[in-house]
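Input: a single structure, listed below in structure tokens.
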Amino acid sequence: MLKRDKAVCLIFSVGILIGLLIACNSGGEATAIKEIHIGLHKNNHLQIQADVLTAGLCNAFIEYWPTGEGEKKKYVSLPSLNKDKHSLLLLNISPHTSYSYRVIIEKNGTKTESKIYNFESVDLPPWLQDQFKDTSVQTNRLPNEFKNGLMLMNKRETPGMLYLVNYEGKLRWYHTINGTGFKVSHFTKDKTILSILGTNDEPTSYGSEILEVNLTGDTILHLKKNQNDFRYTIHHEILKNDKGQLVTIYADKRIMDLSTVGGSAKDTVTGDGIVILDTTGKEVWKWSVFDVIDPLKDPAINKNKKDWMHANSLNFDKDSSFIISFYNNGQIWKVNSHTGAIEWKLGKGGTLRMPNECNFTQTHAVHINPYGSLLFFDNGVEKKQSEVYALKIDEKGGRVDIDFHFKLPKEVYNERMGSAYMINDTTVLCCCSKKHITVLANKKGQLFWTLNSAIPPYRAQFLKEEEVAPYLKP
Amino acid sequence: MKKYIFLFILPMIILQYSCHKSLDPKVYSSLTSANAFQTRSDAIAAVNAVYARLKGPAVGDNFDYWTVRHFALTDLTTDVGHCNYGGDPGQLSLALWNSANGLLAEDWRQIYKLISNANNAIFNIEPMKSITDGERAQFLSEIKFLRAIAYMDLTDAWGPVILATEKDIASPSYNSQPPVSSVAEIEDLLISDLTTCASTLPVDYQSNAIYTSNDVGRATKGSALTLLAKLYLRRHDWQKAADLTKQVMDLNVYHLYPSYLGLFKEDNKWCEENIFSVLSDANVNGTELLNHFGPESHPVVENRWQYYAVTWDFYNTFDDADERKACFYPEYMGVDGLIHKQPPTLGASPPPGEFYMADVATKKYADSTGSTTYYDGHSVDILRYADVLLSRAEALNELNGPSPEAISLINEVKGRSHAKLLDIADYNQSTLRDAILQERGWEFFYEGKRRQDLIRMNKYDVLVNAYLNRIGQPSNIVMPKNQYFPYPLNQVNVNPNLNNSDRQ
């Protein structure tokens with residue numbers, strides 16, 4: 001009996017000892033969350049910052065969900081690694097909503113969860129409320145890719161705004177800039193937003209600064225005109241190439257003798273070109289329309305000199321050559337990114353043969369779509385009806401064929417700017433800028449979703465779920 | 001030994017539990033709406049959002065408040081405006097309305113949205129630490145000027161209304177049923193605010209330290225003084241109105257634009273006559289003025305609705321020499337192949353090939369050389385210099401009867417349009433008052449002035465009923481009942497303090 005009692009005592013004591021060891025090792029030190037400070041991240045009303053203080057170094061992250069919807073709608077913050085002062089960012093916040101959250105810390109492979117706490121997100125400031133409205137949703141017909149993605153739009157006027165909006169017209173992310181506007185913005189493969197900034201005095205898509213921000217609102221790059229070789233007004237597009245360099249369109253002003261055509265001996269002709277800058281603003285490569293055509297061969301050059309060759313979109317071809325479009329003559333050119341040579345011209349007076357049905361005049365957002373076709377939005381000013389074209393280019397044969405082509409309803413006719421991007425193999429997101437309307441159309445031009453916006457979006461770039469992960473989960 | 005395993009596990013569980021429980025962190029939250037405005041850009045965005053409310057909602061319906069629908073209250077309800085469509089505008093056009101009229105409800109709603117945004121912005125900008133005192137004074141003055149525009153419009157239309165200010169933002173109550181404030185109480189606030197605005201706001205925005213891009217559409221010293229003058233005019237405080245209009249003239253920055261038609265060209269966004277205007281850019285924030293005002297079936301100004309037009313009765317009062325008469329589309333070959341024109345007599349049937357228009361479209365917001373697109377870039381002049389000149393003439397006449405200066409001011413406006421000038425010998429105080437009222441009609445039709453002008457000069461019932469009788473309608477205007485519109489039914493339903501017993 002005595003022996004048995006001793007054994008019971010021993011087992012119990014060993015249990016206490018091991019229990020203490022486990023509790024203090026895995027919990028006692030590592031689980032000691034001392035403080036949690038919840039507030040706005042950089043005063044962004046859709047981003048919550050949780051500063052968590054732990055007793056020792058550990059990893060930490062937060063799981064959070066709208067209280068009303070439960071853990072099935074759970075989001076997870078990016079982790080903070082091996083710190084005792086953790087700054088955790090909670091994105092995907094809806095305004096004026098109750099959230100539940102727990103802090104999870106991890107040390108030596110052991111996770112410890114805090115209790116569940118709550119916070120209430122704040123409302124959007126007045127200037128961000130009611131900026132978007134979806135007007136004709138037939139949710140059952142919307143492709144899942146579309147519902148799971150976001151649209152990038154930008155406000156050009158000061159103070160500039162970047163918006164990521166979902167199919168319900170809900171603002172899911174935004175970024176504000178002081179003193180300038182976002183003239184053009186482009187979501188990059190690095191999950192950043194690269195933009196041309198300009199003031200209210202600068203025309204629609206023209207600017208003099210380049211800004212790159214990531215989805216946590218950090219500035220990755222900010223160049224201003226006259227920094228290194230960045231000496232031009234830039235416009236209409238800003239891209240990153242495979243080397244992480246900046247590719248944009250610049251306004252090229254040349255002094256020329258136009259006295260024989262009615263101008264002055266020292267007149268200025270403005271054309272456009274492509275420039276590649278490194279991230280410090282150093283020029284890497286440059287090309288100009290003046291390199292390939294002579295303005296004096298334009299009989300109306302004196303009249304056209306202020307905006308002789310007006311480029312309005314730029315992108316990469318499959319082989320990394322450039323595809324550039326011009327508003328003034330409605331042509332699309334392929335420019336060799338090494339030699340600068342024009343490989344083909346598409347449009348009226350171009351080098352590629354086109355079917356008769358191919359009758360476009362002012363193209364925008366010209367790019368190669370995921371299915372290999374050249375996709376673009378045509379204002380259709382002559383017909384007063386905007387259209388979308390997807391063309392198969394046969395370079396060897398010197399011709400193009402129509403992959404698909406549709407007219408948008410006359411009600412959304414958009415005579416300036418605009419864009420068209422594939423959502424999947426059957427639907428196209430079309431931005432009718434001047435109508436303040438973005439629509440989802442099928443390849444027959446039938447609409448089954450529209451979004452009205454307070455701003456006239458320069459374009460609506462569609463971002464798939466995987467492009468914004470892990471930051472955003474639309 | 002298996003039966004003793006619980007002795008081993010039990011203390012472990014107890015210890016684990018107790019360790020966790022003792023580790024509850026302290027939780028701090030700074031999530032309040034009090035930190036909404038942190039940067040200068042936040043303040044500017046808030047100010048801009050209040051300006052944007054002059055055009056109604058941010059998304060859709062780009063034809064609200066000062067960019068179309070407000071004219072339903074100010075002009076359709078008079079001898080000047082006409083709408084040939086039925087329903088709410090048709091009722092207003094025949095001086096028949098009740099508290100269920102949707103246009104009354106919509107104007108009320110949009111004006112209070114501006115006031116709400118303004119109050120919110122004032123409340124948040126006042127304590128900001130990241131802006132200078134100069135910036136704060138500038139921003140608050142702009143907002144208070146815009147709020148004053150809104151309260152002037154509200155009190156013009158409804159008289160006593162609910163006075164909401166930034167003080168209501170601190171502890172908002174969404175279920176309160178506040179009483180209305182008298183017009184005098186509201187005017188006290190406006191006088192105080194506008195007096196401050198006039199001393200704070202710059203004369204213009206050239207080389208402005210806060211807004212570096214010459215933002216011409218923003219409120220200025222001149223706009224604050226002019227609105228204050230208009231307020232005193234409404235109160236029949238003639239001396240103050242005369243003094244303030246003189247102050248505006250003495251700023252020496254405003255002049256009449258040389259041509260009346262040119263003043264309203266779509267591309268003439270801002271000129272020496274503009275004091276405060278709602279500006280639009282067809283590419284950025286276009287309006288639907290052209291849709292509503294443009295002529296129907298017109299070969300050049302295509303696909304427009306002629307929704308807001310003027311009465312033939314009013315059109316026919318223009319002298320042929322008066323260039324303002326050219327600001328209309330009285331006759332044209334329509335795209336329907338019919339000649340659109342005025343009927344020779346009321347109710348006449350047109351012969352084959354002709355179409356008798358019920359009213360006449362104006363070019364004021366339908367420039368035939370402007371936008372051909374759905375949204376257009378016409379601006380609306382809320383305050384312009386011709387109003388300052390005619391307001392001063394009115395005040396002087398009310399103070400001392402016809403004077404060379406009063407006649408000269410009126411003739412300056414007439415002369416711009418080559419209209420027949422007045423001769424002082426032909427007028428006494430009463431007949432000059434009538435002449436000024438008529439002149440204001442010719443000059444400011446569809447600029448949101450007519451109803452208030454008629455009421456201020458005690459001619460609302462006389463002139464509108466005379467017009468209604470001429471078109472075969474009964475005398476629908478009864479004063480003082482119709483001085484103010486009934487409070488919108490949807491508002492009365494939520495706040496019984498809005499009492500319509502004496503106004504419908």
Side-chain angles (χ1 to χ4, degrees), chain A residues 7-8 11-12 14-16 18-20 22-24 27-28 31-40 43 45 48 53 103 112 114-115 117 119-123 125-127 129-133 135 156-159 176-179 199-201 204 413 415-416 434-436 452-454 456, chain B residues 1 4-5 7-20 22-33 35-42 44-50 52 57-60 62 116-117 120-121 124 211-215 281-286 372-375:
Chain A
V8 167
I11 291 167
F12 194 76
V14 171
I16 287 174
I18 296 173
L20 272 172
I22 293 170
C24 293
T31 57
I33 303 168
K34 290 161 71 180
E35 293 176 15
I36 303 170
H37 296 253
I38 291 276
L40 295 181
N43 201 39
H45 292 215
I48 301 286
L53 263 63
V103 179
T112 308
S114 75
K115 286 200 307 190
Y117 299 97
F119 67 82
E120 174 102 6
S121 63
V122 298
D123 225 335
W127 58 91
Q129 291 177 16
D130 306 325
Q131 298 294 295
F132 303 94
K133 190 179 171 191
T135 48
R156 294 190 299 252
E157 293 71 41
T158 308
T176 308
I177 184 82
N178 291 323
T199 60
N200 289 351
D201 296 339
T204 32
Y413 162 57
E415 69 281 7
R416 277 188 63 190
K434 278 196 68 175
K435 275 280 182 2
H436 296 230
N452 288 63
S453 51
Chain B
M1 280 300 276
Y4 299 120
I5 194 76
L7 288 172
F8 176 76
I9 292 169
L10 186 67
M12 284 177 64
I13 291 169
I14 292 166
L15 281 165
Q16 284 291 306
Y17 178 72
S18 61
C19 261
H20 277 265
S22 67
L23 290 169
D24 278 355
K26 287 181 183 169
V27 179
Y28 304 89
S29 174
S30 57
L31 287 175
T32 72
S33 53
N35 53 11
F37 293 45
Q38 296 226 327
T39 66
R40 190 170 167 275
S41 278
D42 289 343
I44 292 174
V47 172
N48 292 350
V50 184
V59 173
N62 294 33
S116 167
N117 277 25
N120 189 291
N124 283 293
Y211 300 111
T212 53
S213 48
N214 191 20
D215 289 6
D281 180 332
N283 291 322
V284 178
N285 51 8
T372 57
T373 49
Y374 189 82
Y375 292 125

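Quick caveat, the model's predicted, so the values are computed rather than measured. Throughout, protein chains are lettered first and strands after them, A, B, ... in sequence-line order, and every chain is numbered starting at 1.
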*Looking at side-chain heavy atoms only, is the closest gap between Y374(B) and K435(A) below 4.5 Å?*
yes
*How far does CD1 of I44(B) sit from OG1 of T176(A), to the nearest 0.5 angstrom?*
12.0 Å
*How far does CG of N120(B) sit from CD of Q129(A), to the nearest 0.5 angstrom?*
8.0 Å
*Examine whether an atom of E35(A) lies under 4.5 Å from a heavy atom of chain B, and if so say whether it belongs to the side chain, the backbone or both; otherwise answer neither.*
both
_Angle between ring planes, Y28(B) versus H37(A), binned at 30° and 60°: parallel, tilted or perpendicular?_
parallel
*Note, V59(B) side chain near D130(A) side chain (heavy atom, < 4.5 Å)*: no
*Y375(B) vs P456(A) side-chain heavy atoms within contact, under 4.5 Å*: no
_With a 4.5 angstrom heavy-atom cut-off, is it the side chain or the backbone of S116(B) that approaches chain A, or both, or neither?_
neither
*Which bit of E120(A) is near chain B, if near means a heavy-atom gap under 4.5 Å: side chain, backbone, both or neither?*
backbone
*Would you indicate whether the side-chain heavy atoms of T212(B) and T199(A) approach each other to under 4.5 Å?*
no
*Hey, mind stepping through N43(A) and D42(B) against side chain to side chain donor-acceptor pair (under 3.5 Å) and telling me if it holds?*
CA-CA 10 Å; N43(A) 201 39; D42(B) 289 343; 3.1 Å; yes
*asked:* Please classify the contact between I177(A) and chain B as side chain, backbone, both or neither, with a heavy-atom cut-off of under 4.5 Å.
replied: backbone
*What part of A52(B) gets closer than 4.5 Å to chain A, counting heavy atoms only: side chain, backbone, both or neither?*
neither
*How would you list, by chain and number, every residue that makes a side chain to side chain contact (heavy atoms under 4.5 Å, CB included) with S29(B), sequence neighbours excluded?*
I38(A), L31(B)
_Listed partners of K115(A) passing salt bridge (charged side-chain N to carboxylate O under 4.0 Å, His left out), at least two apart_ = D24(B)
_Segment of Y413(A) engaging chain B (4.5 angstrom heavy-atom cut-off)_ = neither
_Which heavy atom of A45(B) sits nearest to which heavy atom of P159(A), and what is that distance?_
CB-CG, 3.8 Å
_Per-residue contact mode, N48(B) against chain A (heavy atom under 4.5 angstrom)_ = side chain
